[in-house]
Amino acid sequence: MEPLLTVDAISMIFGGLRAVDSLSMNVMLGEIHSLIGPNGAGKTTVLNVISGFYKPTEGKVLFDNKLIQGSNSSTISRAGLARTFQNVRLFKELTVLENVQIGMYALVKEGIIGTVFHTPYFRKVNKASVEECMALLEMVGLKDKASLRARNMSYGQQKVLEIARALAQKPKLLLLDEPAAGLNDTETFELIKLVRQLQGKGITVLLIEHNMRLVMNLSDRITVLNFGKKIAEGNPDVIQNNEEVIQAYLGKRRAYA
């Protein structure tokens with residue numbers, strides 16, 4: 001396997017705070033890779049660097065063998081990287097279908113002019129997008145909610161809708177920031193099935209998550225951060241038996257069956 005994403009010695013400094021400290025890691029093509037650590041460990045900051053919201057103070061980021069640090073989030077998105085957010089960021093007054101279409105419009109070259117004036121190219125793309133977005137909603141189990149306003153969805157459904165919107169960007173790499181937060185056991189089980197389905201379709205996943213049962217059962221490899229530094233990396237068996245990880249994060253030995 002070759003790396004789809006390479007994070008090379010990145011640091012992110014805010015004033016006197018070193019939120020990320022010389023982090024290096026590879027996310028291999030086709031894998032589910034989890035990034036875990038205590039609150040404040042720097043996990044979301046890493047995702048913000050990768051996805052173009054922050055330019056790293058030091059180091060570099062390569063995606064699909066191209067340098068992307070310093071590029072804006074739109075450029076990175078068009079290159080094949082999409083993400084969700086720790087706090088749901090939907091257009092609550094738009095329908096479920098319209099929210100997914102917004103993700104797809106990020107790829108439309110004609111942009112805002114076509115959207116406003118409904119050019120022939122835009123109308124053609126819009127018709128095709130409805131079919132594609134409905135297929136995505138069917139895949140995530142929300143097809144019957146397509147005409148519902150996003151604000152009328154349950155929190156768990158909104159989290160899944162945000163994943164569908166990210167998938168509309170046709171990503172090679174999907175960044176998921178705490179997708180299981182606020183989900184009940186049934187919703188979490190469905191999320192695990194969905195992420196595995198995405199992997200089966202060839203999408204690489206980088207996951208931030210506090211639900212350790214989900215992480216240990218879903219991940220191919222795990223990177224552990226503490227105070228912005230990488231303290232461990234390996235498969236789930238290696239991580240849950242690493243003494244430094246146990247002391248810094250897991251707190252005690254336990255099995256995640």
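Everything numeric in this text was worked out from a predicted model, so none of it was measured.
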Engineer: For the atom pair CZ (Arg78) and OG (Ser73), what is the distance rounded to the nearest 0.5 Å?
Structural biologist: 9.0 Å
Engineer: From Leu175 CG over to Leu207 CG, what is the distance, rounded to the nearest 0.5 angstrom?
Structural biologist: 10.0 Å
Engineer: Applying a strict under-4.5 Å side-chain criterion to I, L, V, M, F, W and Y, I'd like to know whether Met153 and Phe85 cluster together.
Structural biologist: no
Engineer: Return yes if some donor-acceptor pair links the side-chain N/O of Ser219 with the main-chain N/O of His33 below 3.5 Å, else return no.
Structural biologist: no
Engineer: Nearest 0.5 Å, please: how far is CG in Leu191 from CD1 in Ile163?
Structural biologist: 5.0 Å
Engineer: Mind running salt bridge (charged side-chain N to carboxylate O under 4.0 Å, His left out) on Arg149 and Glu98 for me, showing each step along the way?
Structural biologist: CA-CA 9 Å; Arg149 292 190 186 277; Glu98 287 167 341; 5.7 Å; no
Engineer: So which of Ile50, Leu176, Leu174 actually passes side chain to side chain contact (heavy atoms under 4.5 Å, CB included) with Leu206?
Structural biologist: Ile50
Engineer: For Leu214, does its backbone N or O pair with a side-chain atom of Glu209 as donor and acceptor, under 3.5 Å?
Structural biologist: no
Engineer: To the nearest 0.5 Å, tell me how far Ser51 OG sits from Leu81 CG.
Structural biologist: 7.0 Å
Engineer: Go through it in stages, so that I can follow the logic: the residues are Glu162 and Lys159, the test is salt bridge (charged side-chain N to carboxylate O under 4.0 Å, His left out), and I'd like the CA-CA distance, side-chain angles, deciding distance and then a yes or no.
Structural biologist: CA-CA 5 Å; Glu162 195 171 43; Lys159 298 277 279 191; 5.8 Å; no
Engineer: Quick check against the 3.5 Å criterion: does Lys230 have a side-chain atom that pairs as donor or acceptor with the backbone of Met25?
Structural biologist: no
Engineer: Do Asp177 and Thr84 have side-chain N/O donor and acceptor atoms under 3.5 Å apart?
Structural biologist: no
Engineer: Please tell me if the side chains of Val20 and Val49 come closer than 4.5 Å, counting only heavy atoms from C-beta onward.
Structural biologist: no
Engineer: Please check this pair: side chain of Glu187 against backbone of Asn184, looking for a donor-acceptor N/O pair closer than 3.5 Å.
Structural biologist: yes
Engineer: Measure from the side-chain N and O atoms of Lys43 to the backbone N and O of Pro38, and report whether any donor-acceptor pair falls under 3.5 Å.
Structural biologist: yes
Engineer: To the nearest 0.5 Å, how far apart are CG in Leu47 and CD in Glu178?
Structural biologist: 10.5 Å
Engineer: Got a second to check how far Asn211's CG is from Ile36's CD1, nearest 0.5 Å?
Structural biologist: 11.0 Å
Engineer: For a salt bridge (charged side-chain N to carboxylate O under 4.0 Å, His left out) check, start with the C-alpha distance between Arg151 and Glu93, then their side-chain angles and the critical distance, and finish with the verdict.
Structural biologist: CA-CA 6 Å; Arg151 62 178 167 80; Glu93 296 304 316; 3.0 Å; yes
Engineer: Could you note down all residue pairs passing salt bridge (charged side-chain N to carboxylate O under 4.0 Å, His left out) where residues 61-73 supplies at least one of them, sequence neighbours left out?
Structural biologist: Asp64-Lys172
Engineer: Output yes when a side-chain donor or acceptor of Gln199 lies under 3.5 Å from a complementary backbone atom of Gly30, and no otherwise.
Structural biologist: yes
Engineer: So, does Ser77 use its side chain to make a donor-acceptor pair with the main chain of Ser74 at under 3.5 Å?
Structural biologist: no
